[in-house]
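First the structure, in the form of C-alpha cells, and then the observations on it.
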Amino acid sequence: MILTACPIISTGSAAANAAPVSAISQANKDIKAQAPIQYRIQARLDEKKMMIEGSESITYRNTSKDTLKQLVFHTYADANLSESTQTTMFKHSNEEISKNNPDKKPEDFLGGIDIEKVTTGGQALDFSNKDQAMSVKLEQPLQPGESVSVQVHFNLKIPYGSQRLSYYKDIINGAHGFPVMSVYDEAKHEWDTKPYSKTFETDYYTSADYEVQFNVPDQYQVVMPGTITTRDDAETGRKVVSTVAENTREFAFFASPNFKVDSVTRNGLTVEYYYFDNQPGKKKIVDGYIDQAFKAIDFFSDKYGKYPYPEFRIVESYVEGVAIEYSRLIQMGQIGINSAPEQDTVFVHEIAHQWFHALIGNNSETESFLDEGFADFSKVYFSEKQGDTMNGFKSIQFDDSTVDKAIASTNDEVGDWASPVYYDKGRQAIYQLYRSVGEEKFDAFMKEYFKRYVYQNATIDGLLQTIEDVLGKETRNDMNKALYDPNFVLKPEYQLSNEEKTAYLHDQFQSLYESALTQVPNVPFETMSRVMDKALQGEPLAIVVSDQVSKSANKQQEAMVNQLTTLLDLSGVKYDVIRDRQDLKQKMKKELATSNLIVLGSAKSNGFVQALKSSIMDRANHIGFQWKTTMNQPSVAGAYVIKHPYNQNRLMLHYFWNEDHLSSGSLEPFMMKMQESTGFSSAYYQYYMLNKTGKVTLDKKVENPLSKLFVEE
Ligand SMILES: [Zn+2]
C-alpha cells in the first residue's frame, strides 16, 4: 500500500503550515499486506567445503510507472572474488586471523557466487553477472503493476575469515549470501547496480516476504529473521531449518554447531540471544542484554512506532570492532565477561537500526545519515531518558567540532569521515530539531515519519517534506541547512557552556577511570593512573617540582607541569603546584599530608624527596622498586608510584631523572611516557625506567586486556 500525503495549502506562515499530525495521514500499514517481492529460497550447506548450493524463486511486482525489460539483482557475495573488492572494514581482523592461522592460504579468504542458470516457467533466461550486479533479460517487458517470477540456481563459496559473508572458527556469518533484488529508481529510470561499498555500507533493499528452507547438519543452530521451524531431512544427520519472514528488509543468517540460545517472551515479543556458552557467568550477562533489548524496543516503539515483528534476535560472533544491524536481528562481537549491558550503547544503537534501516529503509550508499544519524540520535535519546547523564544529550551538546562535509553526503563524498559526519554531526542535527520544536512535537513528527515510511524507503527529501508538513516550513529550512551545508555546528543556545563542558568532561573522565581501574582484576593500589582516578574523585592533588635546579632542568620541568595541568584543567581537576622550598615547608604538615602527589625532577634537588628519603625507600621496597640503586645510576630516568610517605591512603608518583636534566633526545619520549602512564589504554604502571635515548629498559605493569579496537556501530 502506498501512502499519499495530504496536500498542505501554504498560507505563507510557518506556523500555519504546521498542520496537526492527525490530519496528515490516517492510514495504517498492515504487516501482512503483501510486499512487492517474494523470495523462496532452498539452500543446502556443505559444511566441509563451506559451499551453499541453492535455488531461489523471486516474484517481483513492478511498482514503478516504467515498463521493465530486465530485472537486476545484487550479487554482493562476489565482493569476495578478490581482496580488492572486499571491504577495508575487516582488513585488520583478517590480517590477524591470517597470522594466527598460517595453514590458510590467501585464496581461502576469498569466495563468490556462481550463477548456474536463471529460468522462468522452466525456460532459461539470458543473464549476465558482473561487478556484483546480475541483470536478467525478461522474455516479455514487465508492465507497471504486473508481476513476474524467476528462478535462480547458484553455488556459493563462503570465504574464510571476517566478512559479512564468511566462516571462522565455529560460526558462519551469512549476510549477502543470496542474490537480492536491486531497487529500481523511477526518477532516473534505472536500476541500482553499484557494487558494495569498500569503506562503508550499501544496504538498500525493498522490504520483501521471505520463505527460506535451509538444509544443514543436525548439530547446527541457524539464526534467521522470522518464525523458525525445524524438521528432519530424509538424509541421516541432516535437518531442514525453515523460516517465514514477511515484510522484512533483508535476509541474513548465522549458523553454528555451538550456539546456545537464551529466550525471553514478554507481551508477545520474544527476544533471543544466540551465544557461545564458553565462560562461567555468561548467562547472567546475556539475561542483562535481553532485558536491555526489551527496554530499548519498548522505548522506540513508544516514541516512533511499534516494533511489528514477533521476535528479535541477537547473535554473538567473533566480529571485532564492529556490530552490524540486519532486519530483525543484530550481530554483536564476543561478550566479555566484564560486559555491562546497561552501559553498552553500541547495543542500543544497533537495536535502533530496526527502525532506521529495517523498518524505515534508505539508500545507505547515498544517504547514510538517514540510518546512522537517526540510530545514533536514538541511542542517546534512550540513554537520556534512562537517566544516564554521561551518554545522554550532554554527549551531543558537548561536541563543538566541525567537519568540512555536509551531513547529507554520499559514501563517496564522505570518504573516511563517515563516523563524525553521519553519526556525530547527524545526531546533532536531529538533536537541534528536537530542541527547536520541543519533545512533544518532535515525537509527533517521528511518528508521522515512521507512518509514512515503514516498510518503504525514505529519502532526505521525504524527511524534509515530513518536517515541513508536521513542523512547518521554517523548521524544514533550518533542517535543510543543517544537512546540506558543510561545517554544521549546534546552535550556541543548545550547546553546553564552558563550565558545563568542564564538568561534563570531569564526570566522563571520572567514570572512565573508575571502570578502567575496577574492571581489570589485580591492579595494585600503587598504580600510576590511580593518582588521576583519586584526583577525579575529589581527593586533593599537589605537584611538587624540584627547586634547586639548573635553568635547563627548570625549563623541562615547566614543560611537564604544563602538560600535566593542561589535562587536569581540561577535566576540571583542582590541584596545587609547589615550586619553592618555603611554600613546601609551610604546606608539608597539613596540605601535603592529605594530598596525592606528583613529584617532578631529580631526587637530589627535590625538597620533598630529600626530606622523606627513608620513608620513600621503605614504600618503594613494597612495590619491588630498588630506589637507592636506581637513583644512583647515571643517565637513568623514569617513574614509580608508591604510597604517600606519611599517608597510606594517598599516592605519590615521582617522575625522575638522575642527570641534571634530560638530554634533548630523551625529553620527548619521557613526556610521552608520562602521558601514557597516567592513562590506562595500554597498561597500568607501577614503575618504569628509561635509558639515555628514552627507551624502556625495565618496567612493572599490569597489561590492560580491554585495550582493543575502537568499536564501529
Ligand atoms: Zn549504525
Side-chain angles (χ1 to χ4, degrees), residues 76 87-90 93 162-164 173 175-176 196-205 225 249-250 252 289 292-293 296-297 299-300 303-304 307 312-315 317 319-333 343-383 391 395-396 399 403 405 407-411 414-431 446 449-450 453 457-458 460 463 483 709-713:
Y76 290 144
T87 177
T88 54
M89 211 177 269
F90 299 119
S93 291
S162 187
Q163 299 292 344
R164 280 184 171 78
N173 310 306
H176 298 173
Y196 202 82
S197 173
K198 281 198 63 188
T199 53
F200 205 58
E201 293 176 319
T202 318
D203 295 287
Y204 178 37
Y205 312 112
R249 186 66 54 185
E250 76 221 314
Y289 270 110
Q292 189 74 348
I297 291 172
F299 180 80
F300 299 136
K303 288 289 184 188
Y304 306 148
Y307 181 77
F312 175 68
R313 299 194 170 101
I314 307 145
V315 184
S317 69
V319 74
E320 275 186 347
V322 286
I324 306 174
E325 72 280 9
Y326 297 106
S327 186
R328 305 163 77 159
L329 60 91
I330 56 173
Q331 176 187 13
M332 302 299 294
Q343 301 294 316
D344 194 340
T345 57
V346 172
F347 182 69
V348 177
H349 172 106
E350 299 311 328
I351 292 176
H353 271 306
Q354 292 306 310
W355 280 261
F356 309 103
H357 164 67
L359 290 166
I360 301 173
N362 65 289
N363 187 340
S364 62
E365 177 68 29
T366 55
E367 297 188 327
S368 268
F369 153 73
L370 285 176
D371 53 312
E372 295 306 348
F374 275 95
D376 223 48
F377 171 80
S378 300
K379 162 188 102 176
V380 180
Y381 196 7
F382 174 75
S383 293
N391 297 307
S395 65
I396 293 178
D399 175 14
V403 188
K405 309 243 180 216
I407 295 167
S409 296
T410 65
N411 286 352
V414 90
D416 294 335
W417 294 82
S419 181
V421 172
Y422 298 145
Y423 297 65
D424 300 342
K425 289 288 132 187
R427 71 186 194 183
Q428 201 171 40
I430 299 164
Y431 175 70
M446 288 303 294
Y449 178 57
F450 180 83
Y453 290 104
N457 278 302
I460 292 181
L463 173 82
L483 299 182
L709 292 164
F710 175 71
V711 172
E712 270 190 54
E713 298 154 53

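Both counts, for ligands and for their atoms, begin at 1 and track the order of listing.
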Discussion item. The Zn ion (ligand 1) and His353: any N/O/S contact shorter than 2.8 Å?
Written reply: yes
Practice prompt. Output all residues satisfying side-chain contact (heavy atoms from CB on, under 4.5 Å) with Asn173, sequence neighbours left out; order by chain, then residue number.
Written response: Ser166, Ile171, Phe254, Ser317, Gln331
Practice prompt. Determine the sole option in Glu372, Glu325, Glu350, Glu250 for which the side-chain hydrogen bond (donor to acceptor under 3.5 Å, both in side chains) test with His357 is passed.
Written response: Glu250
Worksheet item: With a cut-off of 2.8 Å, does Asp371 place any N/O/S atom under that distance from the Zn ion (ligand 1)?
Response: no
Practice prompt. Check Glu372 and report its N/O/S atom nearest to the Zn ion (ligand 1), by atom name.
Written response: OE1
Discussion item. Using every non-hydrogen atom in the two residues, find where Ala375 and Phe356 come nearest and quote the distance to one decimal.
Written reply: N-CD1, 4.1 Å
Response to the item:
For Asp399, the side-chain contact (heavy atoms from CB on, under 4.5 Å) test, sequence neighbours excluded, returns Ser401, Asp424, Lys425, Gln428
